Amino acid sequence: MDARQKAMFDYCIAFGDDSLTLGHRLSEWCSNGPFLEEDLALTNVALDFIGRARMFYAHAAEVEGEGRDEDDYAYLRDCREYRNFLLHELPNGDFAFTMARQLMVDVFDVGFFGQLAGSKDPDLAAIGAKALKESRYHLRRSEDWIRRLGDGTDESHRRVQDAFEQLWGYAAELFEMPAAEQHLADAGIAVDRAALKPGWTATMQNVLQEATLEVPAGGWSIGGGRDGMHTEHLGYLLAEMQFLQRAYPGLTW
Amino acid sequence: MTEKPLQADPRLATFEAKVANEERIEPKDWMPDAFRKTVLRQMSQHAHSEVIGMQPEGNWITRAPTLYRKIVLLAKIQDECGHGLYLYSAAETLGTSREEMVQALHEGKAKYASIFNYPSLTWADIGMIGWLVDGAAIVNQVSLQRTSYGPYARAMIRICKEESFHQRQGFDATMALARGSAEQKAMAQDALNRWWWPSLMMFGPHDSDSAHSGQSMKWKLKRESNDVLRQRFVDQTVPQAEFIGLKIPDPDLKWNEQRGSYDFGEIDWDEFHRVIAGNGPCNRQRLAHHVRAHENGQWVRDAMHAYEMKRKSRDAA
Amino acid sequence: MKQQNLPLFEVFVRSKRGLDHRHVGSLHAEDPAQALEYARDVYLRRSEGVSIWVVRSSDITASQESDVEMFCDPMDDKPYRHATHFNLPKEVDNM
């Protein structure tokens, strides 16, 4: 692959990894939801994310052109090769933590996919358009939940406030652009994520205020996902996810 | 409220005529108290089964070996959740509430299908549950599409439409193993050895030993006998196992030309009763999981209610 | 404080343009907006519809079985309301 193709490959893999890790986390709620209707709804969101991962991986495979497929990417790469944002790999915590993280991701995704739908690369544009529809629905849900939890009981308010305090520093990474990605953005292919930050911040502030929550003071950030520098959580996530493929290599399932 | 003696009640004749005519009994219709209690018990236990059934399969979501198997499994379990929802809705037409039914489950007053008290030990178990457990459920549910209580029959029709996908994905996953490496094939055979007899037990005791069967058949809640349904399941499944080269763990299994059906061995009724009585491998674990999820969700449900109350008073102001 | 039940909502789905909404079941939610979203998740996974209505179950007024006699029977003796009642000569029996 030349430099441009490599940049494209890395781009698709990274967003595929974001989608897969978060989809996997959401799938952990199955049979554990606070009531049946919400259990079912969360699973729908998980399915959207994993479906999105498959689309990104499929495009990555085309660009790479070496005959690897989605399962090679998902099941045969170790942590240091995964490129997802740290926010997406964090364990679910309680329902407040899950929905707080989800809101942060959904606000970003609506902004991001809205732009990606205009990419000069037709495959990325198609993924963007589809993901935008899904993300709008996800955002409706997560906004509603943050309002209900923030302005619900004292306990729910405390839980969701704590969640945002713990999560806030993971947002910075969403808006950092590595050089290769910046070149792709300049070429009209990738989204300028840095430009999404003001919109994201404003939306988050609005929703939190409506939910009677305080916007965390911040002042700290943790990142490194796009460079394969992950939290300790990813290792466990992959160990569980990849077990069968690693224990019984090279088979068809 | 005075209660007429059952035999003298003219409404009973109307009720029985509807049943005899294959007309559905609907929620607002008069029905004998025992009928209402039986239908409610049957529907709520069916609903509980769907929800508890999410657990043994949910156990392998995070370990599904390919992205395709992962999403198919998720979609399938989501359907089971939906089935629980349809059935709880149908049961609520009889004047109970979901909270009451869940309470009965937690207190051990309501049961759920014993099959889900077995553990899913390997990936092969997932295919087996789809192929055998859903296969058995389909035989039962197709029959129930003609059950006499309207909301139950309609829920069954909706469920049957979705259930066929469940069995097909289970068979497909099993077939992949049976046609795979020696280890995969052994994994599938081991899972079949463990799930075959519990699947046959899903159809319940011999009709001669069943306390509820007689009355349920009379009211057309139940349309066919346990043994008839069990035989139908065996006859349809044996050729499927033969097709993929897996061996049913029954030395007495034999084609009976005269009957046009398979003869098969006797179920271990001690095991059957033990598991129903609460001493299967996973009974306590399944219930504890359900209780935990419910209790962990209490603060969320409280928050929703508090928010709604605040919103209402804001709107009213 | 033990939470009482979430309210029950009935769900109606229009499967295709030109058809009526049909009752498909019920679910629990705190308010109509949430009920609509859950209805989409529970009842529309296989693209079974283009439109959803949700109604609080407590808002539905239903006829009683005892009403059937006076609500419905008087309709039975007026067959002239049905097209099949009128036998027309074959040559013009296409209306």
Side-chain angles (χ1 to χ4, degrees), chain B residues 11 14-15 18 23 25-31 47 74-76 78-79 81-93 95-103 150-152 154-155 157-159 161-162 165 294-295 297-312 315, chain C residues 1-16 19-49 52-73 76:
Chain B
R11 294 174 298 183
T14 312
F15 167 82
K18 279 183 193 147
E23 285 170 36
I25 307 298
E26 297 296 348
K28 295 273 186 260
D29 295 349
W30 181 90
M31 59 190 86
L74 262 172
K76 193 235 186 227
Q78 191 184 42
D79 276 353
C81 183
H83 294 174
L85 274 168
Y86 304 154
L87 288 161
Y88 282 128
S89 299
E92 281 182 283
T93 59
T96 181
S97 71
R98 188 168 332 153
E99 190 66 34
E100 272 167 19
M101 290 186 271
V102 167
Q103 191 77 351
Y152 196 15
R154 288 189 288 277
I157 290 169
R158 198 178 178 89
I159 287 174
K161 279 202 185 105
E162 298 177 354
F165 141 60
H294 190 75
E295 287 178 355
Q298 187 62 54
W299 71 266
V300 179
R301 300 189 297 272
D302 287 345
M304 288 170 69
H305 186 66
Y307 178 79
E308 183 60 18
M309 293 295 105
K310 286 188 204 177
R311 204 179 60 85
K312 280 201 171 97
D315 287 350
Chain C
M1 183 201 69
K2 196 77 182 187
Q3 160 64 3
Q4 58 264 51
N5 299 320
L6 295 176
L8 190 62
F9 287 82
E10 303 298 329
V11 181
F12 301 81
V13 172
R14 190 208 306 280
S15 57
K16 251 185 0 198
L19 297 179
D20 290 323
H21 283 78
R22 282 181 59 237
H23 182 243
V24 291
S26 58
L27 48 79
H28 289 275
E30 195 57 66
D31 60 59
Q34 194 185 40
L36 205 60
E37 283 166 24
Y38 283 143
R40 176 256 198 204
D41 284 320
V42 177
Y43 290 104
L44 253 50
R45 288 199 307 286
R46 288 171 167 82
S47 310
E48 300 106 310
I52 310 172
W53 289 347
V54 291
V55 181
R56 263 180 234 277
S57 307
S58 55
D59 283 340
I60 292 185
T61 307
S63 59
Q64 303 299 316
E65 197 187 356
S66 49
D67 292 341
V68 168
E69 250 179 41
M70 66 167 155
F71 269 33
C72 302
D73 288 357
D76 287 347

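It should be emphasised that the depicted structure is a prediction, and the values quoted were computed from it without experimental measurement. Below, chain A is the first sequence line, B the second, and so on; all start at residue 1.
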In the structure I gave you, are the side-chain heavy atoms of [X] and [Y] within less than 4.5 Å of one another anywhere?
X	Y	value
B/Tyr86	C/Val24	no
C/Leu6	B/Arg98	no
C/Gln34	B/Glu308	no

Pair B/Arg301-C/His28, side chain to side chain contact (heavy atoms under 4.5 Å, CB included): steps then yes or no: CA-CA 11 Å; B/Arg301 300 189 297 272; C/His28 289 275; over 6 Å; no
Non-hydrogen atoms of C/Ser26 and B/Ser89 that approach each other most closely: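 Closest pair (atom of C/Ser26, atom of B/Ser89, distance): O-OG, 2.6 Å.
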Leading residue by heavy atom contact count with chain C [cutoff under 4.5 Å; candidates B/Arg311, B/Glu162, B/Lys161]: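 Maximum pair count with chain C is reached by B/Glu162.
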C/Arg56 atom CZ, neighbour heavy-atom count above 12 within 6.0 Å: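 Atom CZ in C/Arg56 is crowded, with more than 12 foreign heavy atoms closer than 6.0 Å.
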